[in-house]
Amino acid sequence: MASLPTVLVGNTIKLDSEFKKFSPPLHFEKRKYSTKELEFREAVSLITQGNTTLESSSYVPILQECIDSNSLSGVETIHANIIKTGFGQELFLMTFLVNAYAKCGTMESARKVFDNLPQRNVVTWTSLMSGYVHNLRPELAISVFNEMLEAGGYPTNYTLGIILNACSALYDVNLGKQIHGYIVKYDIQYDTSVGNALCSLYSRCHCFDMTIKAFDRIEDKNLISWTTAISACGINGDSAMGLDMFVKMLAEGLEPNEITLTTVLSLCCTMQDLVMGSQVHSLCIKLGYGSDLHITTSIMYLYLKSGCITAAKKLFDKMNFTNLVTWNAMIAGHAEMTNFSENGLSAYFYGIEALRIYQRMNLSGLKPDLYTFSSLLTVCSSLVAMEQGEQIHAQTIKTGFLSDVVVGTALVNMYSKCGSIDRASKAFVEMYRRTLISWTSMITAFVQNGRPQQALDLFEDMRFVGVRPNTVTFVSVLSACSQVGTVDQAMAYYDMMKNVYNIEPVMDHYACLIDMFVRLGQIDEAFEFIKKTDLKPSEFIWSILVAGCRSQGKLELAFYAAEQLLELKPKDSETYFLLLNMYISAEKWKDVSRVRKMMRDEKIDNKLLDWSWISIKNKVYSFKSGDKKHKSDEVARLLEDLIEKARGIGYRVEKNLETVDEEKEETTASTAHHSEKLAVAFGLLNTSNAAEILVVKSTSMCRDSHNFMKIISTLTSRTITIRDSKRLHKFYDGQCSCGDFGHSLV
DNA sequence: ATAGGGTTAG
């Protein structure tokens, strides 16, 4: 966090009447450059020959050319020449030189030129500030601002715009508000550059209302004002409003440029609105931006986000030019699919594809940046690929991108989802800046890893440092409460959410509370709560109730809840398998046949896509039920041996689909195995004695397998982590981190 | 002399 510049605390900005009227700054006249016709190369050759017939203003377009081609050596050559020819006293020229050095990335030289200036005016000061903002040293821009004020200089609207940008770069909305205070006091909110900077600051700091207010106050709204406001709508999650503004902008007669269009396409993208997207695309083509790289990348990303992976790939392969952003979008698009795939198996393939694209990107010679790393970490967390995740962690350290708050948060999330809570919290502690999402991620990490009390403690820390929780934070908090199992505490947080933070409860919050009642065995209270809140339970809530009723032996209610679930998800194979298993456990064979017939009628696959995979030394081994791959004899023998030993200490194979022969409808010997049992056995055989086992499973774990893993963790003295489609299970010493309510259903 | 966009995290 940037410390507050002391000068700003008192009323020390002296704004004179000149400033209020926006007259041009003192000592600065706009020159008409006589060298418009002078060719750049000609000029350079004149300079290098030492033939100095140039007048001082002729240097400006040459310097501009150096800036455009980012040629530091060019700037240095011209600098030397200016000194030689005695133009070093020309303030306007030296100001431009400060700017040129700053734009070419050497603030040391810029500062040196500035320090040697014969005199200073607001333009020279402002150029230096702008240079620091441009070179990612906003805090230095602010101290230069203070220096200027102390020296008696007055800011202009441009100066204030730059300082607001510095605040924005520091995410220091409080300092920005102080500056805003002066802007209000001197009534210059309607100025375009000040207004645009305010919009941009508030947008970046997620103060949406302030953004729109600042926008409304701008007298002459230019394309930048509109683009900033439209983009702010997107950041705020109100893409529809952004599209409305875009239409309004068009109605006002402004023509969008490629940047506005890219922003608008990104709105279509978050709305997954292919129809609107293709309309905007047509407009892009009409305005001549059809082959613009940003536009094409946005269209590609729109396809990706709308699930049209093949179309996106086609476009990608057809593109003549790609840059890092194109590749990042491709990787991010696949990374996102790993989150939204219903089916764990397809998530796995998307994840692998994302890593492949990354390899291809490396081969093409592009260097990854913070966006690449964030997406890759997401992929690793979805794949539960901790080894790859660690490699990417190492790369973020080497490249310096670890200091980015999003990368840091993604790292916390990756370690958490891979079951390594210690590394997750280390990553969190080492972050130098944390956003609400970082805090929420860490709170969620504790919840995911079965440490509810630490989650609640961290939540209080977060409140203590003044970070305001949101809906998502409270889902994790209530989820932690349900694990702790204190009804009063949960209700207190529920009330806090509603009354202190004015957050309306959503289905996930209700689900947490119902989950808590169910865990406490208070099935009646759960149903009562549903009635009291006039709640129409979601699928998820019904599935919690099914599991709860079953474990409480309330079979009638369980069947009722399961039927409700089926009504909400009539095409979902897992629900049918749930019902089947329930009837099999109850040995109601008639109902078993009835459900099987329903499945045939609905054309539901007779086999659940149950896969598990384990990554050992960068190789991934996948298993499906009853699989015979990967040293099957050894794996089978070990598994039989473990089952035998487990039986010795009370394990009984539960009757379910895996263990019941379909034809005879009776329990057979456990020759068929769940995929995760195979993967764990394989892991036990192929890792050293103390190593943790980490397995990913495409569906959710069943109760039988869950019981089995608990016992195996004791028998082998190993920590076994299984990430299923619902949550994380960490088995250690006969216990599971989910508190035995995480396994669900089937 | 100043200003805007796309890809990222719960």
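A, B, ... follow the sequence lines: proteins, then strands. Residue 1 opens every chain. Computed from heavy atoms alone, side chains included, the values below leave out hydrogens, waters and symmetry copies. Every value quoted in this text rests on a predicted model; they were computed, and no experiment measured them.
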Assign [X] to base, sugar-phosphate, or nothing according to its heavy-atom contacts below 4.0 angstrom with the strands shown.
X        : result
A:Asp369 : nothing
A:Thr263 : sugar-phosphate
A:Asn323 : base
A:Thr126 : nothing
A:Asn196 : base
A:Ala332 : sugar-phosphate
A:Thr440 : base
A:Thr297 : nothing
A:Thr159 : nothing

Expressed as a whole number of angstroms, how long is the span from [X]:[atom1] to [N]:[atom2]?
X        : N      : atom1 : atom2 : value
A:Leu201 : B:dG4  : CG    : P     : 12 Å
A:Leu93  : B:dA1  : CG    : P     : 11 Å
A:Leu223 : B:dG5  : CG    : C1'   : 10 Å
A:Tyr371 : B:dA9  : OH    : C1'   : 12 Å
A:Arg204 : B:dA3  : CZ    : P     : 14 Å
A:Ile188 : B:dT2  : CD1   : P     : 18 Å
A:Phe428 : B:dG10 : CZ    : C1'   : 12 Å
A:Phe459 : B:dG10 : CZ    : C1'   : 14 Å

If you only use heavy atoms from C-beta on, which nucleotide in [options] is closest to the side chain of [X]?
X        : options              : result
A:Ser438 : B:dA9, B:dT7, B:dG4  : B:dA9
A:Thr192 : B:dG5, B:dT2, B:dA3  : B:dA3
A:Glu258 : B:dT2, B:dA9, B:dG5  : B:dG5
A:Ser266 : B:dA9, B:dT7, B:dT2  : B:dT7
A:Ile224 : B:dG5, B:dG4, B:dA9  : B:dG4
A:Thr228 : B:dG10, B:dG5, B:dG4 : B:dG4
A:Tyr158 : B:dG6, B:dG10, B:dA1 : B:dA1
A:Asn165 : B:dA9, B:dA3, B:dG6  : B:dA3
A:Ser231 : B:dG5, B:dT2, B:dA9  : B:dG5
A:Asn328 : B:dA9, B:dT7, B:dA3  : B:dT7

Is the phosphate of [N] approached by [X] (side-chain N or O, under 4.0 Å from OP1 or OP2)?
X        : N      : value
A:Asn413 : B:dG10 : yes
A:Lys417 : B:dA9  : no
A:Asn121 : B:dA1  : no

May I ask you to check whether [X] and [Y] place their ring centers less than 6.0 Å from one another?
X        : Y        : answer
A:Trp327 : A:Phe316 : yes
A:Phe459 : A:Phe474 : yes
A:Phe215 : A:Trp226 : yes

Review point. Is the Lys NZ or Arg CZ of A:Arg434 less than 6.0 Å from the centre of A:Phe428's six-membered ring, within 45° of the axis?
Key: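 Output yes; distance and angle both within limits.
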Check your understanding: Who passes ring-ring contact (aromatic ring centres under 6.0 Å, His included) against A:His393, sequence neighbours left out?
Key ->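 For A:His393 the ring-ring contact (aromatic ring centres under 6.0 Å, His included) partners, ignoring immediate neighbours, are A:Tyr415.
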Review point. Between A:Asp191 and A:Arg217, is there a salt bridge with N-O shorter than 4.0 Å?
Key: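 Result for this pair is no, no salt bridge flagged.
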**Study point:** Side-chain donor-acceptor contact under 3.5 Å, A:Thr260 with A:Thr263
**Key:**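 Short answer, no.
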